[in-house]
Undergrad: 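For reference, the structure I am asking about is given below.
Please read these numbers as outputs of a predicted model, since none were measured by experiment. Both backbone and side-chain heavy atoms feed into the values below; hydrogens, waters and symmetry mates do not.
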Amino acid sequence: MRGIDIVDIDDHLRKTGIKPSYQRKAIFEYLMNSNCHSTVNDIYMALSSNISTLSKTTIYNTLNLFVDHNIVEVINIDPNEARYDIVREVPHGHFKCEECGEIYDIFLDFNTLPIKDLNNFTIKTQQINLTGICGKCNEK
């Protein structure tokens with residue numbers, strides 16, 4: 001479940017203050033339709049055959065722009081690579097299987113998590129990343 005329904009990517013990007021170039025729209029659409037929590041290399045491999053002028057630098061710059069405008073988040077669940085995910089209305093965390101490498105969305109109600117040590121704090125971002133063995137790998 002992607003949890004996001006954007007009909008007009010041009011309009012969505014403009015509303016967030018981003019000029020919608022062809023490459024930006026393609027990268028955003030790929031992230032929106034992909035459920036694999038993509039790396040820069042994933043995006044490059046998926047789009048470069050259709051966009052001959054696409055470079056990894058363009059992807060990095062576009063993703064940084066998207067992160068700065070809070071429409072994409074960086075998932076730092078693996079120390080060796082950054083992954084990217086569309087920011088959704090429903091907050092969620094991530095689980096990475098140490099066996100197969102799959103990353104799963106886990107939907108949590110962040111407002112009901114008992115965080116006792118942060119009274120009088122203002123939380124601006126929330127990320128919960130878990131690692132372990134997924135159900136499929138446990139069944140093997």
Side-chain angles (χ1 to χ4, degrees):
M1 177 178 136
R2 294 301 300 158
I4 189 163
D5 185 23
I6 296 172
V7 176
D8 187 341
I9 292 172
D10 277 31
D11 186 51
H12 181 71
L13 293 177
R14 280 191 189 94
K15 284 180 181 176
T16 59
I18 298 172
K19 184 179 177 183
S21 70
Y22 179 75
Q23 293 175 335
R24 289 174 180 168
K25 292 187 309 185
I27 292 167
F28 188 82
E29 184 175 22
Y30 175 80
L31 288 172
M32 188 175 72
N33 293 325
S34 169
N35 199 24
C36 63
H37 306 91
S38 302
T39 64
V40 168
N41 196 54
D42 294 334
I43 297 167
Y44 180 78
M45 296 303 291
L47 299 178
S48 63
S49 62
N50 293 328
I51 307 172
S52 61
T53 58
L54 187 66
S55 68
K56 287 186 181 182
T57 300
T58 299
I59 296 170
Y60 277 111
N61 291 338
T62 299
L63 291 171
N64 286 334
L65 179 66
F66 290 170
V67 169
D68 289 346
H69 285 80
N70 200 36
I71 60 171
V72 167
E73 67 178 333
V74 181
I75 303 169
N76 292 311
I77 198 167
D78 185 322
N80 298 321
E81 63 188 0
R83 293 181 171 269
Y84 297 87
D85 197 11
I86 294 286
V87 171
R88 299 183 233 165
E89 291 179 19
V90 178
H92 67 285
H94 298 94
F95 177 92
K96 181 174 182 180
C97 179
E98 295 171 342
E99 294 285 323
C100 66
E102 185 80 22
I103 297 177
Y104 298 88
D105 289 332
I106 49 174
F107 293 92
L108 307 164
D109 185 352
F110 283 79
N111 296 321
T112 61
L113 292 176
I115 304 174
K116 299 174 186 173
D117 299 330
L118 298 179
N119 291 335
N120 203 29
F121 284 59
T122 301
I123 299 170
K124 293 188 176 186
T125 61
Q126 303 172 13
Q127 277 197 357
I128 294 179
N129 295 320
L130 307 169
T131 60
I133 310 299
C134 73
K136 292 180 207 171
C137 291
N138 272 331
E139 290 176 3
K140 291 180 185 177

Undergrad: Between Arg83 (side chain only) and Ile75 (backbone N and O only), is there a donor and an acceptor less than 3.5 Å apart?
TA: no
Undergrad: Evaluate the ring planes of Tyr104 and Phe95, with Trp represented by its six-membered ring, and classify them as parallel (under 30°), tilted (30 to 60°) or perpendicular (over 60°).
TA: tilted
Undergrad: CG of Leu47 to CG of Leu54: how many Å apart, nearest 0.5 Å?
TA: 6.0 Å
Undergrad: Find the distance between CG (Leu130) and CD1 (Ile103) and round it off to the nearest 0.5 Å.
TA: 12.0 Å
Undergrad: Using a 4.5 Å cut-off on heavy atoms from C-beta on, say whether the side chain of Leu13 contacts that of Lys19.
TA: no
Undergrad: Using a 4.5 Å cut-off on heavy atoms from C-beta on, say whether the side chain of Lys136 contacts that of Glu99.
TA: no
Undergrad: So, taking the atom named CD1 in Ile9 and the one named CD in Glu29, what distance separates them when rounded to the nearest 0.5 Å?
TA: 4.0 Å
Undergrad: Any side-chain heavy atom of Asn129 sitting closer than 4.5 Å to one from Lys96?
TA: no
Undergrad: Is the shortest side-chain heavy-atom distance between Ile77 and Thr131 below 4.5 Å?
TA: yes
Undergrad: Quick check against the 3.5 Å criterion: does Asn138 have a side-chain atom that pairs as donor or acceptor with the backbone of Gly135?
TA: no
Undergrad: Closest heavy-atom contact between Cys97 and Cys137?
TA: SG-SG, 3.7 Å
Undergrad: Rounded to the nearest 0.5 Å, what separation is found between the CD1 atom of Ile43 and the CD atom of Gln23?
TA: 12.5 Å
Undergrad: Would you call the rings of His92 and Phe107 parallel, tilted or perpendicular if under 30° counts as parallel and over 60° as perpendicular?
TA: tilted
Undergrad: Do you know which two heavy atoms are closest between Val74 and Asn76, and how far apart they sit?
TA: CG1-OD1, 3.5 Å
Undergrad: For Thr58 and Thr53, run side chain to side chain contact (heavy atoms under 4.5 Å, CB included): C-alpha distance rounded to whole Å, both residues' side-chain angles, the deciding distance at 0.1 Å, then the answer.
TA: CA-CA 9 Å; Thr58 299; Thr53 58; over 6 Å; no
Undergrad: Donor-acceptor check, side chain of Ser34 to backbone of Leu31, threshold 3.5 angstrom: yes or no?
TA: no
Undergrad: Roughly how far, to the nearest 0.5 Å, is CG of Asn64 from CD1 of Ile59?
TA: 12.0 Å
Undergrad: Show your working on side chain to side chain contact (heavy atoms under 4.5 Å, CB included) between His94 and Asp105 and close with a plain yes or no.
TA: CA-CA 5 Å; His94 298 94; Asp105 289 332; 3.3 Å; yes
Undergrad: Rounded at 0.5 Å granularity, tell me how far OH in Tyr30 sits from CG in Asn50.
TA: 12.0 Å
Undergrad: Can you find a pair of side-chain heavy atoms, one from Ile18 and one from His12, that are under 4.5 Å apart?
TA: no
Undergrad: Should Val72 and Ile86 count as side-chain neighbours, where that means a heavy-atom distance under 4.5 Å?
TA: yes
Undergrad: Between the main-chain N or O of Tyr44 and the side-chain N or O of Ser48, is there a donor-acceptor pair closer than 3.5 Å?
TA: yes
Undergrad: Does any non-hydrogen side-chain atom of Val40 lie less than 4.5 Å from one of Tyr84?
TA: yes
Undergrad: Would a hydrophobic clustering, with Ile, Leu, Val, Met, Phe, Trp and Tyr connected at side-chain separations under 4.5 Å, put Ile133 with Ile128?
TA: no
Undergrad: Identify the two heavy atoms, one from Gly17 and one from His69, that lie closest to each other, and give their separation to 0.1 Å.
TA: O-NE2, 3.7 Å
Undergrad: Between Asn41 and Lys56, is any pair of side-chain heavy atoms under 4.5 Å apart?
TA: yes
